[in-house]
Amino acid sequence: MKLASKIGCKEILYLSFLAVLFFLNACETNVIDDDTAIIDSPDCNPEISFQESIQPIITNSCIKCHNGTVHPLNFENLTVLQNNAGTIKAVTQNRTMPLNGRLTDEQIKTIACWVDNGAKIN
Ligand code: HEC
């Protein structure tokens with residue numbers, strides 16, 4: 001009580017406000033760190049195999065919409081997949097795709113690795 005009356009109500013409010021700002025800021029920083037962790041490229045195998053590493057992700061997480069039904073980008077057509085590799089990397093990294101779904105960080109890195117190494121069908 002004594003301390004509170006010395007400092008005064010205004011100061012306490014002001015300090016609380018600063019504390020809240022500090023915590024909000026801390027949250028924001030974490031989000032940015034996570035994003036960077038994904039974008040900074042992983043130890044990535046340049047010989048990454050499309051059939052082994054990429055096709056299963058596309059089949060499980062993308063094909064149900066990208067088979068010419070929901071969206072005109074048909075990933076059953078491998079040329080379409082290759083021609084849109086850059087966009088695929090971007091929309092998986094920023095998590096706009098898969099719509100209504102989620103890839104693991106590992107899957108997102110794997111896609112980025114494949115795209116960075118020329119999006120080969122191998
Ligand atoms: C539930 C349905 C659904 C799933 C699953 C899905 N998509 Fe999509 N996708 C859409 C729709 C609808 C759009 C168009 C609207 C939009 O861009 O938000 C789209 C747009 C896109 C585009 C074009 C974006 C642009 O900027 O032109 C790309 C590339 C894409 N999706 C890639 C993927 C990949 C890769 C996956 C799997 C990891 C995936 N999508 C899973 C429905 C889906």
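On a predicted model such as this, the values are computed, not experimentally measured, just so you know. Whatever order the structure lists ligands and atoms in, that order sets their numbers, starting from 1.
For atom 38 (C) of ligand 1, the choice among P98, C62, G101 with the nearest heavy atom turns out to be C62. Considering L73, L99, I63 only, the shortest heavy-atom separation from atom 28 (C) of ligand 1 involves L73.
Between H66 and F75, the ring-plane angle classifies as parallel under the 30° and 60° cut-offs.
Within the structure, the closest approach of N84 to ligand 1 does not fall below 4.0 Å when heavy atoms are considered.
One finds an angle of 170° at atom 8 (Fe) of ligand 1 between SD on M97 and NE2 on H66, to the nearest 10 degrees.
Shown here for S61 and P98, the closest heavy-atom pair between the two residues is O-CB, 3.4 Å.
A salt bridge links D105 to R95: at least one charged side-chain nitrogen sits closer than 4.0 Å to a carboxylate oxygen.
With a 4.5 Å cut-off on side-chain heavy atoms, N84 and L81 do not count as touching. Put simply, the side chain of C44 reaches to within 4.5 Å of the side chain of N117, judged on heavy atoms. Q51 has its side chain out of reach of N122: every pair of non-hydrogen atoms, C-beta onward, lies at least 4.5 Å apart.
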**OP:** Please step through side-chain contact (heavy atoms from CB on, under 4.5 Å) for the pair Q55 and F50, ending with a clear verdict.
**Re:** CA-CA 6 Å; Q55 199 151 36; F50 172 77; 3.7 Å; yes

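Atoms of ligand 1 lying under 4.0 Å from at least one heavy atom of S61, given by number and element, are 5 (C), 37 (C), 41 (C). Which parts of ligand 1 touch H71 is read off a 4.0 Å heavy-atom cut-off, strictly below it: atoms 11 (C), 13 (C), 14 (C), 19 (C), 20 (C). Short contacts between ligand 1 and C65, defined as distances under 4.0 Å to a heavy atom of the residue, involve ligand atoms 1 (C), 2 (C), 3 (C), 4 (C), 5 (C), 42 (C), 43 (C).
For atom 15 (C) of ligand 1, no protein heavy-atom neighbour is present inside the 4.0 Å cut-off.
At the top of the distance list for atom 27 (O) of ligand 1, counting protein heavy atoms only, stands T87 CG2, 4.4 Å.
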